[in-house]
2 protein chains.
Amino acid sequence: MYASHLLPQAAGVAYQLSGRPSDAADLDCMLASQPVEKLAVGEAVFWEGDTASHLFQIVEGCLRLYRILADGRRAIIGFRFGGETLGMACQNTYGYTAETVTAVRLRRIGRNRIWAATDGADLLQPVLMARIFEEMAAAQRHIIVLGQLGAEERVANFLISFACRTGSDRRRPVAVELPMTRLDIADYLGLTIETVCRVISKFKREGMIAPDGRHRIILKDISALLHLAGELEDGTSSDLAGMTQRPPAWAN
Amino acid sequence: MYASHLLPQAAGVAYQLSGRPSDAADLDCMLASQPVEKLAVGEAVFWEGDTASHLFQIVEGCLRLYRILADGRRAIIGFRFGGETLGMACQNTYGYTAETVTAVRLRRIGRNRIWAATDGADLLQPVLMARIFEEMAAAQRHIIVLGQLGAEERVANFLISFACRTGSDRRRPVAVELPMTRLDIADYLGLTIETVCRVISKFKREGMIAPDGRHRIILKDISALLHLAGELEDGTSSDLAGMTQRPPAWAN
DNA sequence: CGTATGCTTGATCAATTTCAAATATCGTGG
DNA sequence: CCACGATATTTGAAATTGATCAAGCATACG
C-alpha cells in the first residue's frame, strides 16, 4: 500500500522534443511514445500533496480520486477509467490521492514538458483546455448532485452518467460496469454504504435495474432512471436518451 | 430582471492588440483598458446556456452563480466578489447564470481576444492557468463540504472561507460581510434557510459569532470555527489561523 | 410610520445514518 | 471442482439530522 511514484521513471525514454515542440503538438501523440506502467489493485499513482510533476493517461483500468478528512472520513472526488486523463487540472501539488480500483495500465508525461510544448504549438492548447473545462463541468455537476439531490436521485444520476462514460457498446439493455465497491460509491455520492444498497435494492424491486454480480448492473428502464436523475447530464446522456423505451419527461 | 448582455458593448474601445500580443501579456492590463459597466441589484451578467463570449472582472460588488433544476430547485455554485473573475473556466457556453447580489461594477473582455493573445505571449498563460486551477480547487473543496460535512460544519466552513476571501483588513475580531441572503447561503450549502438560521443562532448562543445586522457577522472564536470546519481550507485560511485566540486543534 | 420582505424560532415529520445481524460473493487451497 | 474463510453486500430496527410546516419578529425602504 505504500507507493507514491511507483514504477521506475523508465530511465532513457526514446521520445525527444528535439527543439521543435510543435512536432509533438498532439497530447495523445506525446503520451503514446511513453512506456506503459502497470499498477496492481490498491496501489497509489500519487498522493494528495505530492508535487504535481506528471500528467497521466489511463490505458486500462479504474482509479478512485479521494481526500481523507481530519477525522478519517474519505471523500471520493471522482473516478477515472481507461482513455481518461489524470493530473490535468492542478497547480503545484495534487489535490487528491489517486488509487487503483482494478489493475491499471497507464502512461505518464512530465507536466513541464506539456506546458513547454504549448508555447509554440497552438494545436496542443485547445486539447488541454477542453479537458480542463470538461473536468470543471463534471465538478459542477457533482456539486449539484451532492447539494440538491436526494439519495435515489444521486444513485440514478450515478448509474446514468457511468453508463454514458464507460462505453457499454450502445447495446440494449445497457449494462454498466462498476468496478468500485459500494463503499466507494457511497463516499462518492455523500451517502452511507447502507443507503446505497437500499436504493439499489429498491430500484431492483421496482424493475428499473437488474444487478448481475457485484460489479455489473443492467439498466432495464433508462427512462425511469433519467426521470429520477433530474435534468442533469443533458449533454452527456443524449446518446442514452435515444435508447429509452418511452420518451423522457423533458421531451414534451 | 430581463437581461443577458446588459450594457452596450462600448463601441470603439481604444485598446488594440496592435499585432504584438505580448504587449498585452497581463490580464489585468487588458481588462484595465475596458470600460466599467454597472449593474443594479438582481440583474444578470449572463444566463446559463449563453454563448461564453466574454470573461469578466468584478471591480466591486457581489454575484451569485447558480443553476435552476428541472423542478425549480436552485443550486448556487458559488459567489464572486470584487477583484475576482468570472467566465474563465467554461467551454462554449456558460454553465450557470450570474446574477448580482449587490450593485456591481465590472469590466468585460472577449474570450477570443484572450486566447488569441496567449499564442505568442507566455506571460498571460500562467495567470489564466492559475485562476482556472484555483477555481478547480474551490470546486473540489465545495464537493467535500457538500458530500461529507454536516450542517454546522458547512456553515462554519462558509464563514471561515468567506472571512479569508473578503478582506476583513486583518483586524480582530474578524468581521465577515455577507451581502447575500440566508436563502442564498442555504442554496449554496445544500441546506434549507431554516437550518442555516438555526446554526447561526446556535453559534451565536455559544459565543462563537456575533451577528451585526443581517449582512455582517463578527467571528469571535475563530479557533472553534476552524475546528468545526475540519481541516479544509488549510492553505487559504493560514492567515486566519494566525489570528486565533488559542492554538487550533491541528497545531499539536 | 407602515408594509413588504427577509429572518428567526418552534413543533412535527421524513429521510438518512447508525448499529446490528444475516447473507452473498470471490478467491484460494485442498 | 468444491468447501472454506475473508470480505463485501444486503437487510432490519432504532436513533439522529435536517426538512417541512407554521407562526412570530425585525429590518429596510418607500
Asks: Please check if the distance between the ring centroids of A/His142 and A/Tyr188 is under 6.0 Å.
Replies: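 That pair passes the under 6.0 Å test.
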Asks: Can you tell me how far C1' of C/dT8 sits from CG of B/Leu183, to the nearest Å?
Replies: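 Taking CG of B/Leu183 and C1' of C/dT8, I get 14 Å after rounding.
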Asks: Can you find a donor-acceptor pair, distance only, under 3.5 Å between A/Arg198 side chain and C/dT18 base?
Replies: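 By the distance-only test, yes, there is a pair.
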Asks: 5'-most contact on DNA chain C: A/His215 or A/Gly190, nearest heavy atom basis?
Replies: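 Its nucleotide being nearer the 5' end, the pick is A/Gly190.
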Asks: Quickly work out the B/Arg182 CZ to C/dC7 C1' distance and round it to whole Å.
Replies: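 Going from CZ in B/Arg182 over to C1' in C/dC7 covers 7 Å.
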Asks: Between A/Asp187 (CG) and D/dA8 (C1'), how many Å, whole number?
Replies: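 Value for this atom pair: 14 Å.
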Asks: Please report, rounded to the nearest Å, how far the C1' atom of D/dA19 is from the CG atom of B/Leu189.
Replies: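 In whole Å, D/dA19 C1' and B/Leu189 CG are 15 Å from each other.
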Asks: Describe the nucleic acid contact of B/Gly150 in one word from base, sugar-phosphate, nothing, applying a heavy-atom distance below 4.0 Å.
Replies: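 The answer is sugar-phosphate, as B/Gly150 gets under 4.0 Å only of primed atoms, P, OP1 or OP2.
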Asks: Figure out the CG/C1' separation between A/Leu149 and D/dG18, and round it to whole Å.
Replies: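 Atom-to-atom, A/Leu149 to D/dG18, this comes out as 16 Å.
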Asks: For A/Asp212 and D/dT9, what is the distance between atoms CG and C1' respectively, to the nearest whole Å?
Replies: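 These atoms are roughly 15 Å apart.
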Asks: Parallel under 30°, tilted from 30 to 60°, perpendicular over 60°: which one fits the rings of B/Tyr94 and B/Phe56?
Replies: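 Because their plane-to-plane angle lies in the 30° to 60° range, the rings of B/Tyr94 and B/Phe56 count as tilted.
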Asks: Taking the side chain of A/Cys197 as heavy atoms from C-beta outward, which of C/dT8, D/dC21, D/dT11 is closest to it?
Replies: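 Of C/dT8, D/dC21, D/dT11, D/dT11 is nearest to the side chain of A/Cys197.
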Asks: Establish, with yes or no, whether the OP1 or OP2 oxygen of D/dA19 is under 4.0 angstrom from a side-chain nitrogen or oxygen of B/Thr195.
Replies: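 Result: yes.
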Asks: Over how many whole Å does the gap from A/Glu194 atom CD to C/dA21 atom P extend?
Replies: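 Distance check: A/Glu194 CD to C/dA21 P gives 14 Å.
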Asks: Taking A/Ala103's backbone N and O only, do any of them form a donor-acceptor pair with A/Thr100's side chain (distance below 3.5 Å, no angle check)?
Replies: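 No, because the side chain of A/Thr100 does not come within donor-acceptor range (under 3.5 Å) of the backbone of A/Ala103.
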Asks: For B/Ala137, is there any backbone N or O sitting under 3.5 Å from a side-chain donor or acceptor partner on B/Gln140?
Replies: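 No; judged by distance alone, with no hydrogens or angles, the pair does not exist.
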Asks: Taking CD1 from A/Ile185 and P from C/dT16, how many angstroms apart are they, rounded to a whole number?
Replies: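 Atom-to-atom, A/Ile185 to C/dT16, this comes out as 17 Å.
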Asks: Can you identify which nucleotide, out of D/dT27, C/dA20, C/dT8, has its nearest atom closest to the B/Arg214 side chain?
Replies: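 Side chain of B/Arg214 sits closest to D/dT27.
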Asks: Under 4.0 Å, heavy atoms only, any strand: does A/Leu191 hit a base, just the sugar-phosphate, or nothing?
Replies: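 Sugar-phosphate, no base atom in range.
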Asks: Would you classify A/Thr181 as touching base, sugar-phosphate or nothing, given that sugar-phosphate means primed atoms plus P, OP1 and OP2, and contacts are heavy atoms under 4.0 Å?
Replies: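 Sugar-phosphate contact only.
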Asks: What nucleotide, of C/dT8, C/dT17, C/dT18, holds the atom closest to the side chain of B/Ile193?
Replies: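 Of the options given, the side chain of B/Ile193 lies nearest C/dT8.
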Asks: Going by atom types only, do A/Tyr66 and A/Glu99 share a side-chain donor-acceptor pair under 3.5 Å?
Replies: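 Yes, because at least one side-chain N or O of A/Tyr66 sits under 3.5 Å from a partner of the opposite role on A/Glu99.
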